[in-house]
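The model shown is predicted, which means the values in this text are computed figures rather than measured ones. Numbering of ligands and ligand atoms starts at 1, following listing order. Note: hydrogens, waters and symmetry copies are ignored here, and every other heavy atom, side chains too, is used.
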Amino acid sequence: MESMEIKDRLKQVKARIAGAAEAVGRDPDSITLVAVSKTVPAERVAAAIRAGVTDLGENYVQEAQEKIQGLADQAVSWHFIGHLQSNKAKHAVRLFDLIHSVDSLKLARALDKRAEVIGKVQKILIQVNISGEATKSGIAPNETLALARSIVQLENLHLCGLMTVPAFFNAPDRVRPHFKAMRELRETLTMKFPDLGLSELSMGMTGDFEAAIEEGATIVRIGTAIFGHRPR
Ligand SMILES: *Cc1c(COP(=O)(O)O)cnc(C)c1O
């Protein structure tokens, strides 16, 4: 694994995405692969882009800023997937095409304000704490509707869907019910309020992305399987 080129790993990941999609009758092209590049130096990110990566995910605003500036001539989309503090909203709006981790109205309002200042409509997802642990970021499932309804009032945000980071990493069968619950949550909200615009479901990482795709993920966030293990 460690000696494999990024290109070969990417090819394998794409084949696994296609396999999982086809197993449940989905079009593999309807699934966006976000290559998670936290802790990965810019040269290796550039290699991933040469190998065909179109979407990159980062967890820390400051780390991402340096990479994004260094790779500014590359036609790729940048995703923010980490915990975001309201006081970093300004930078996040400037740097990222899609912010996956909106979990409060306070943060949504801060992003809306900053988007207005630079004349941007910021695409966002609501992060849901589907497995309900106290330590995880995300809003409770039963508060998601209220947050979504407040967010759709904000003119400089475009709500695209939901995201989750469930418990039990690397245990697909234990995490599958949570993926399923996310799909059901989206379906319930969309049925009641078709104008919410919750078409995207961002879920699934190296240890469990096939289960996530089988349960309806439209965006998977994969780091280790593409870049190898991160330093601790
Ligand atoms: C690090 C991270 C990933 C990627 O994890 P891997 O297990 O390396 O694929 C995906 N989503 C989030 C929110 C992350 O923090």
What are the atoms of ligand 1, with element, lying closer than 4.0 Å to any heavy atom of [X]?
X	answer
Arg221	4 (C), 9 (O), 10 (C), 11 (N), 12 (C), 13 (C)
Thr224	6 (P), 7 (O), 8 (O), 9 (O)
Val165	13 (C)
Thr206	6 (P), 7 (O), 8 (O), 9 (O)
Asn59	14 (C), 15 (O)
Ile222	9 (O)
Ile81	11 (N), 12 (C), 13 (C), 14 (C)

Under 3.5 Å between any N/O of Gly223 and any N/O of ligand 1: does that happen in this structure?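 It does: an N or O of Gly223 is found under 3.5 Å from an N or O of ligand 1.
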If the condition is side chain to side chain contact (heavy atoms under 4.5 Å, CB included), which residues does Ser101 pass it with, not counting sequence neighbours? Phe80, Leu84, Ile99, Gln127
Would Leu98 end up clustered with Tyr60 when hydrophobic side chains under 4.5 Å apart are linked, directly or stepwise? no
Counting only heavy atoms closer than 4.0 Å, does ligand 1 sit against the backbone of Lys38, its side chain, both, or neither? side chain
Supply the atom-to-atom distance Lys11 NZ to Arg16 CZ, rounded to the nearest 0.5 angstrom. 15.5 Å
Below 4.0 Å from ligand 1: does a non-hydrogen atom of Arg230 turn up there or not? yes
Test item: side-chain donor near acceptor, Ser202 and His100, under 3.5 Å: yes
State whether the side chain of [X] and the backbone N or O of [Y] hold a donor-acceptor pair below 3.5 Å, judged by distance alone.
X	Y	value
Ser86	Ala110	no
Lys67	Val40	yes
Asp112	Asn156	yes

